[in-house]
Peer 1: 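Before I ask anything, let me first share the structure, which is written out below as structure tokens.
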Amino acid sequence: MDNFLVDGLNAEQREALYCTDGAVLVTAGAGSGKTKLLTHRIVYLIQEKGVPPYNIIAITFTNKATKEMKERIAGMLGFEGGVWISTIHSMCASILRNHIQELDEKYTSNFSIYSTDECQKEIRRIVTTKNIPKKEVDTIIKAVAYHIGNYKNQNFDIEEYRSLNKLDKNIDLIIECIYDYNNALKESNAVDFDDLLILTEKLLSQNEKVRNMYASRFKYIHVDEFQDTNVVQYNIVKLLASVNKNIFVVGDEDQCIYGWRGASIANISNFIKDFENCHVFKLERNYRSTKKILDIANKLIAHNSNRIPKNLYTENNDGDAVIYQSLLTDRQETEYVAQKICDLIKLGYKYKDIAVLMRLNALSRGFEQKFMNYNIPFVVYGGFKFFDRVEIKNVLAYLRLINNASDNASFFRVINFPKRGLGEVSINKLREFAEMRHISLLTACGIIQECSTLNNGVKNKLFDFYNLISNLKEFANVNTVSSLINNVIQNVQILEAFEDTKEDRLNRELNLNSLLQSANEFEKSSEDTSLNKYLESVSLISDLDTTEDVNNAVTLATVHAVKGLEYKVVFIVGLEQQIFPILRYDTDEEEERRLMYVAITRAEELLFLTNAQNRFLYNKADYMIPSIFLKEMGYEGVLSYKAERSNVYYEDADFDMPMVKTSKSLEELNKIPYGVKKPSNDKEGFIVGARVQHTKFGEGKIIEVLGSGINTKVTIKFDTVGVKELILEYAPLTLL
């Protein structure tokens, strides 16, 4: 046997490697080397057991995993080819290309695979043919799309699904649309992604000849990320293993975090029941994290009951203590994280080594803005950057149109948001009318009765829109920007315009509240608090939303977005009840805990946990309860603190945040210059009245200096973006 096949494996991995016959379940903890085991096992079967590559299949769930596995196996074997390695959707498509005509479904082998966008367009076409009031069309479209995915993921018969959901609003209409949708795809010789799975399962279960052909060929079946399989995918795997019954699955029930899209944690326990004499192995040695990080991960996940008990351990060093910091407000939380990142850069870490993880992407705005204050490059994963999110862009478009009636781009963005039943033909006629009169589109709406090419119904809708903007403009003339934003959200019914899942709606609501918070902060810090100035400041932020070096940037992400990734340093923020975990009537507490476990185990060397005692939510400052996860991880007493005063959100207390203390030399830290370009021995040049240059915000004048040492805080009135408070030690400032 080639030594490389076993020398790099630990005892647990070797034991699983040698078990080649029958059903094998490997429950692999985070960072335990499951991909290495999978690839080594496939090479072991070929080189040591003499199994032809043609008889081996490996099923993955992402194209990235497929590519990585192919490259590793080719590197070990010295050649490519033979082993079938693909995503499950790709595998199903290949099987159907050869045999779909054997189903009584009117399909031929050249069927099309519709993208999500194409499916949405087909659903819209079908719904608009029904006798539905126009104002309800979008709601029905969303409902139909949701129910199509839901019944297919759970492998229900459509009539059974109707019965189970008989109390849902419009269910009969929805089922009628689903029938029409399925028939339309068949008539077009097309399938969607769910159909690839469903039709393959139907083919394999109903056609013995085809089933035996593939089940006989695949003498050894491997499945990665088994905890992410849904009911249909698991049934396909069982059918493929029906002849040889040599099936090797790797998964971790502690990392099953996609229940909302059909993944079933029950598949792991069902696997043990469905395959006789199933061998179960645990990979508990972690190669990623320090002992102290794994300690809190183990404490947390032990509170879940629906799991195979395992305890991660590592031969890595103890590492630095996990740091838990509770801040008085969410503004202090963002300041704390930004300062710690600056400290870490001085210690020699790179920006790309660091991730800031959150449960809801609505929390990212404060971090995005604070990182810009200190010139910290960042990229946002798991959601758009704050000012790129559709609900934020739409509100800002209303504000820009209120502020500037000639802004035709903003007009086009919001004229049909929310939907007003104005079609492309009508908008084109409006544009022609405006161009003929040489006036803006909004102004044209004010005199639209003079347009001879539009019917009265369309004219009335356009004039109503003109009145809406006019009324909002009058409101803006005598009220604050934050009041105007709130008025737009309520009057235009921004939230009601989206038909979302509960979690999506919660995210949008938090995003809109975060926008209100930005306006409140603007009003507190700027002398010119006009709408025009606010829009200018927002534009500067969004325009600067790219980093100079995208390959070396802090990651801002939701936890879902970074599963499978790892970072030297991780901050988990917003650890409060109703934030992380989310608290709703339908919350799966164990899945929320698994999500926290995934977040913790992304960290290799340093882990920071933060929360805010007061957070701006739902247009007001709320007292927050610390996450129950903190107590479960061993931070006793965290549920008993009280806010020092009720209005702390608007009157932030001073707070000391010493440098990060790690095993790296603090003497080395002090030798690394960063950020502030100041006199070599002191900060005397940064005094009230001094002119300074910020790398992003431009020139400004210091109007206040508070504190001393590394906690010196300067208040600067910038020429373009208004007043900002910065910690002198970290801000990228130059004296002019």
Peer 1: Counting only N and O atoms by type, is there a donor-acceptor contact under 3.5 Å from the side chain of N244 to the main-chain atoms of A215?
Peer 2: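 Flag set: sc N244 to bb A215 pair under 3.5 Å.
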Peer 1: I'd like to know if R288 and E566 make a salt bridge, using a cut-off of under 4.0 Å between side-chain N and carboxylate O.
Peer 2: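 Yes, R288 and E566 are salt-bridged.
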Peer 1: Assess the side chains of N286 and S32: does a donor N or O sit below 3.5 Å from an acceptor N or O?
Peer 2: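 The criterion, which ignores hydrogens and geometry beyond distance, is not satisfied for S32 and N286.
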Peer 1: Are F271 and F226 close enough that their ring centres sit under 6.0 Å apart?
Peer 2: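 Centroid separation for F271 and F226: below 6.0 Å.
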Peer 1: Is it true that Q339 and D343 share a donor-acceptor pair across their side chains at a distance under 3.5 Å?
Peer 2: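 No.
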Peer 1: Is it true that a side-chain atom of Q233 and a backbone atom of N230 form a donor plus acceptor pair closer than 3.5 Å?
Peer 2: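 Yes: the side chain of Q233 pairs with the backbone of N230.
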Peer 1: So I628 and E592, side-chain contact (heavy atoms from CB on, under 4.5 Å) or not? Walk me through it.
Peer 2: CA-CA 11 Å; I628 187 65; E592 289 292 303; over 6 Å; no
Peer 1: Does the plane of the ring in W84 sit parallel, tilted or perpendicular to the ring in F218? Use 30° and 60° as the thresholds.
Peer 2: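 Because their plane-to-plane angle is over 60°, the rings of W84 and F218 count as perpendicular.
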Peer 1: Testing the basics here: between A603 and S289, what is the closest heavy-atom pair and its distance to 0.1 Å?
Peer 2: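 For A603 and S289, the tightest heavy-atom pair comes out as O-OG, 2.5 Å.
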Peer 1: In terms of relative ring orientation, are F608 and Y336 parallel, tilted or perpendicular, with 30° and 60° separating the classes?
Peer 2: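 Correct class here is perpendicular.
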Peer 1: When you measure from the side chain of N270 to the backbone N and O of A266, does any donor-acceptor pair fall under 3.5 Å?
Peer 2: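 Between the backbone of A266 and the side chain of N270 there is a qualifying donor-acceptor contact (under 3.5 Å).
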Peer 1: Is the side chain of R211 donor-acceptor paired with the backbone N or O of S205 at a distance under 3.5 Å, no angle test?
Peer 2: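 Answer holds: yes.
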Peer 1: Check whether any side-chain N or O of R217 sits under 3.5 Å from a backbone N or O of N55 as a donor-acceptor pair, and report yes or no.
Peer 2: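 Such a contact is absent between R217 side chain and N55 backbone.
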Peer 1: Ring centres under 6.0 Å, that's the criterion: do Y351 and F378 meet it?
Peer 2: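 Centroid separation for Y351 and F378: 6.0 Å or greater.
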Peer 1: Assess the side chains of N150 and Y161: does a donor N or O sit below 3.5 Å from an acceptor N or O?
Peer 2: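 On atom types as modelled, these side chains qualify, holding a pair under 3.5 Å.
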Peer 1: Can you tell me if E15 and Q13 form a side-chain donor-acceptor pair at under 3.5 Å?
Peer 2: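 Q13 and E15 do not have a side-chain donor-acceptor pair below 3.5 Å.
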Peer 1: Hey, what do you get for CD1 (I341) to CG (D353), rounding to the nearest 0.5 Å?
Peer 2: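 Nearest 0.5 Å value for the CD1-CG distance: 11.5 Å.
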Peer 1: Check whether NZ of the Lys or CZ of the Arg K238 lies under 6.0 Å from the centre of the six-membered ring of Y234 and within 45 degrees of that ring's axis.
Peer 2: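 Yes, K238 sits over the ring of Y234.
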Peer 1: Would you call the rings of H279 and F281 parallel, tilted or perpendicular, taking 30° and 60° as the class edges?
Peer 2: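 The rings of H279 and F281 lie parallel, inter-plane angle below 30°.
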Peer 1: Hey, can you tell me if Y324 and Y635 have their rings parallel, tilted or perpendicular (30° and 60° cut-offs)?
Peer 2: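 Taking Y635 first and then Y324, their aromatic rings sit tilted (interplane angle of 30° to 60°).
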Peer 1: Ignoring hydrogens and angles, state whether a donor on the side chain of E590 or S305 is under 3.5 Å from an acceptor on the partner side chain.
Peer 2: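 On atom types as modelled, these side chains qualify, holding a pair under 3.5 Å.
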Peer 1: Under 6.0 Å between the ring centres of F156 and Y151?
Peer 2: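 Between F156 and Y151, the centre distance exceeds or equals 6.0 Å.
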Peer 1: Do the side chains of K292 and D320 get close enough for a salt bridge, i.e. N-O under 4.0 angstrom?
Peer 2: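 No, this pair does not count.
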Peer 1: Relative to F629, does R593 satisfy both conditions: NZ or CZ under 6.0 angstrom from the six-membered ring centre, and within 45 degrees of the ring's axis?
Peer 2: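 No, R593 does not lie over the aromatic ring of F629.
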Peer 1: Going by atom types alone, do Y349 and E605 pair a side-chain donor with an acceptor below 3.5 Å?
Peer 2: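 Side chains of Y349 and E605: pair found under 3.5 Å.
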Peer 1: Please answer whether the main-chain N or O of V573 pairs with a side-chain N or O of E333 as donor and acceptor at a distance below 3.5 Å.
Peer 2: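 It does not hold such a pair.
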Peer 1: Please work out whether the ring planes of Y214 and H99 are parallel, tilted or perpendicular, with thresholds of 30° and 60°.
Peer 2: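 Because their plane-to-plane angle is over 60°, the rings of Y214 and H99 count as perpendicular.
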Peer 1: If the test is side-chain contact (heavy atoms from CB on, under 4.5 Å), which one of V559, I572, L556, I579 qualifies with M358?
Peer 2: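 With M358 as partner, side-chain contact (heavy atoms from CB on, under 4.5 Å) holds for just one option, L556.
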